2 protein chains.
Amino acid sequence: MKKPIFRLTTLDFSILGLLMQKPMTGYGIRMMFEKTALASYSSSPGTIYPALSRMKGLGMVEKKKQASSNQELFTITKRGISLLTRWVTQTVTRNDVIRNSEILLLRFAFMDILASKAEKRKFLNSFLDVVNQYIKELEAYHLAESSVMPASGRQAFEHGLELNRATCRWIKNLLNNL
Amino acid sequence: MKKPIFRLTTLDFSILGLLMQKPMTGYGIRMMFEKTALASYSSSPGTIYPALSRMKGLGMVEKKKQASSNQELFTITKRGISLLTRWVTQTVTRNDVIRNSEILLLRFAFMDILASKAEKRKFLNSFLDVVNQYIKELEAYHLAESSVMPASGRQAFEHGLELNRATCRWIKNLLNNL
DNA sequence: TCGCACATGTAACGTGTTACATGATTCA
DNA sequence: TGAATCATGTAACACGTTACATGTGCGA
């Protein structure tokens with residue numbers, strides 16, 4: 001994993017994904033975060049506006065005033081689209097599944113216009129591989145350790161297993177109907 | 001939600017939960033975070049040691065050298081146990097479910113020694129209420145908006161719905177067998 | 001004209017991460 | 001004796017949060 005000169009956060013990509021759908025004011029973006037709890041970030045001004053400035057500095061978004069009204073809307077640039085596309089279409093890693101499978105779903109949600117059907121399939125296939133592998137490991141661990149785990153711990157563990165199985169079913173179902 | 005004089009983070013409680021099981025060295029805690037990806041925090045020294053110092057300053061943990069060996073182990077104090085107990089047995093809120101349902105499972109996992117069967121039931125019941133309510137809202141939204149949502153967005157949304165349903169099943173099953 | 005929604009910003013703060021640094025112990 | 005693991009720490013940094021601050025436009 002090479003280190004880029006600048007780091008883009010999930011917050012940045014979340015905003016880019018919103019701007020991909022349509023240009024919005026900073027306030028509009030805030031309201032989207034408030035309504036949809038996007039990736040569980042705060043919708044407060046101190047979160048959104050600094051992020052927008054940063055992204056503007058990096059040439060990922062532009063501030064354009066509409067000719068029709070006097071509103072100032074943020075628009076995603078070509079550079080922004082390119083970065084966002086690269087982000088969503090990355091191959092799914094083991095770490096993604098273990099530590100931020102919520103973000104994987106966010107990436108998928110943004111794929112609508114950004115990725116071809118083939119790229120979606122590729123994403124889902126790598127996702128499925130990793131999840132299946134992970135489920136196997138969890139099952140093996142469960143088999144070996146469940147008798148010595150504290151009851152609540154074991155039950156919470158089983159919950160995690162169930163969620164991964166649900167994700168697995170979701171992927172398979174999607175791959176069949178895509 | 002009143003503001004306490006000091007703030008305890010999920011990281012703090014995760015560490016407390018580990019120390020509840022048995023006293024450990026800082027290094028031991030780090031290794032636990034590395035193996036189990038506990039609440040998806042980094043296992044790096046820069047994460048664990050400053051947290052331990054902070055917690056020691058707040059009287060939640062103690063550093064005790066074992067008589068038998070020359071190891072220095074961190075131990076949870078009575079104050080720490082009290083704070084941890086209060087944390088895990090809090091009533092489940094809507095916000096918990098929407099923004100950090102993973103943390104709810106962590107809380108449940110730690111309940112083994114910290115909570116009575118009745119308290120576990122109370123927790124699970126409030127959890128179930130909130131999840132059921134949330135699922136209803138998601139279903140209503142889906143019914144109303146699915147036709148105008150972009151395909152990937154709708155599918156990701158459906159994934160979220162499925163996870164919540166799986167959680168709901170898990171809770172119900174547990175309540176029957178507790 | 002009162003209040004609310006729209007709209008934008010910033011300063012202080014704490015926390016987690018990365019990277020760097022050091023030393024002891026164990027074992028091959 | 002050299003490598004690997006155990007063990008602890010800290011400094012620089014960036015990010016997200018809270019709280020504060022300000023102003024406009026519109027409808028009741």
Side-chain angles (χ1 to χ4, degrees), chain A residues 1-16 18-19 23-35 37-58 60-66 69-74 95 99-100 103, chain B residues 1-16 18-19 23-35 37-58 60-66 69-74 95 99-100 103:
Chain A
M1 213 185 290
K2 242 170 286 178
K3 181 166 52 168
I5 288 104
F6 54 87
R7 307 178 68 60
L8 298 182
T9 66
T10 310
L11 173 60
D12 297 329
F13 287 120
S14 303
I15 293 175
L16 282 184
L18 284 178
L19 292 181
M24 303 175 80
T25 64
Y27 183 79
I29 293 169
R30 284 185 54 211
M31 292 306 106
M32 287 298 282
F33 273 78
E34 186 148 327
K35 261 177 246 153
L38 239 175
S40 73
Y41 283 104
S42 162
S43 62
S44 66
T47 298
I48 308 299
Y49 292 112
L52 281 168
S53 312
R54 215 189 306 141
M55 292 158 74
K56 202 177 145 196
L58 295 171
M60 295 159 66
V61 300
E62 278 174 354
K63 210 174 183 178
K64 277 184 184 172
K65 59 186 71 126
Q66 296 294 90
S69 68
N70 49 1
Q71 268 198 320
E72 289 222 303
L73 296 178
F74 283 97
N95 218 46
R99 298 176 78 117
N100 8 267
I103 295 176
Chain B
M1 215 184 290
K2 242 170 286 177
K3 181 166 50 169
I5 288 101
F6 55 87
R7 308 176 69 60
L8 297 182
T9 66
T10 310
L11 173 60
D12 297 329
F13 288 119
S14 304
I15 292 175
L16 282 184
L18 285 178
L19 292 181
M24 302 175 82
T25 63
Y27 183 78
I29 293 169
R30 283 185 54 212
M31 293 305 105
M32 287 298 281
F33 272 79
E34 186 148 328
K35 262 177 243 150
L38 239 175
S40 73
Y41 282 106
S42 162
S43 63
S44 66
T47 297
I48 308 300
Y49 292 112
L52 281 168
S53 312
R54 214 190 307 141
M55 291 158 75
K56 202 177 144 197
L58 296 171
M60 297 160 63
V61 299
E62 278 172 357
K63 211 174 182 177
K64 277 186 185 171
K65 57 186 71 123
Q66 295 295 91
S69 68
N70 50 0
Q71 267 198 321
E72 291 222 304
L73 295 179
F74 283 97
N95 219 45
R99 298 177 77 119
N100 9 267
I103 295 176

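Just so it is clear, the values below take in all heavy atoms, side chains as well, and ignore hydrogens, waters and symmetry mates. Keep in mind that this is a model prediction, so the values were computed, not measured.
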Here the distance between atom P of D:dC15 and atom CE of A:Met55, to the nearest Å, is 12 Å
Can you measure B:Met31 atom CE to D:dA4 atom P for me and round it to whole angstrom units? 16 Å
Got a sec, which residues hit side chain to side chain contact (heavy atoms under 4.5 Å, CB included) with A:Arg54, two or more places apart in sequence or on another chain? A:Thr9, A:Asp12, A:Ala51
Side chain to side chain contact (heavy atoms under 4.5 Å, CB included) with B:Pro50: which residues, sequence neighbours excluded? none
Results of ring-ring contact (aromatic ring centres under 6.0 Å, His included) for B:Phe13 - residues two or more places apart only: B:Trp87
Any base atoms under 4.0 Å from A:Ile48, or only sugar-phosphate, or nothing? Heavy atoms, all strands. nothing
Side-chain heavy atoms of B:Ile29 within contact of B:Leu52, under 4.5 Å: yes
Annotated protein contacts, base or backbone, on nucleotides 8-14 of chain C with a non-hydrogen cut-off under 4.0 Å, one of B, S, - each: BBB----
Residues in salt bridge (charged side-chain N to carboxylate O under 4.0 Å, His left out) with B:Glu34, at least two apart? none
List in chain and number order the residues that pass side chain to side chain contact (heavy atoms under 4.5 Å, CB included) with B:Ser53, two or more places apart in sequence or in another chain; answer none if no residue qualifies. none
Rounded to the nearest Å, what distance is computed from the CG atom of residue A:Leu58 to the P atom of nucleotide D:dA14? 12 Å
Rounded off to whole Å, could you give me the CD-to-P distance for the B:Glu34 and D:dT8 pair? 15 Å
Rounded to whole Å, how long is the line connecting atom CZ of B:Phe13 with atom P of C:dG16? 12 Å
Kindly say if B:Gln71 contacts the phosphate of D:dC6, meaning a side-chain N or O under 4.0 Å from OP1 or OP2. no
When rounded to whole Å, the CG to P distance for the pair A:Asp12 and D:dC15 reads 8 Å
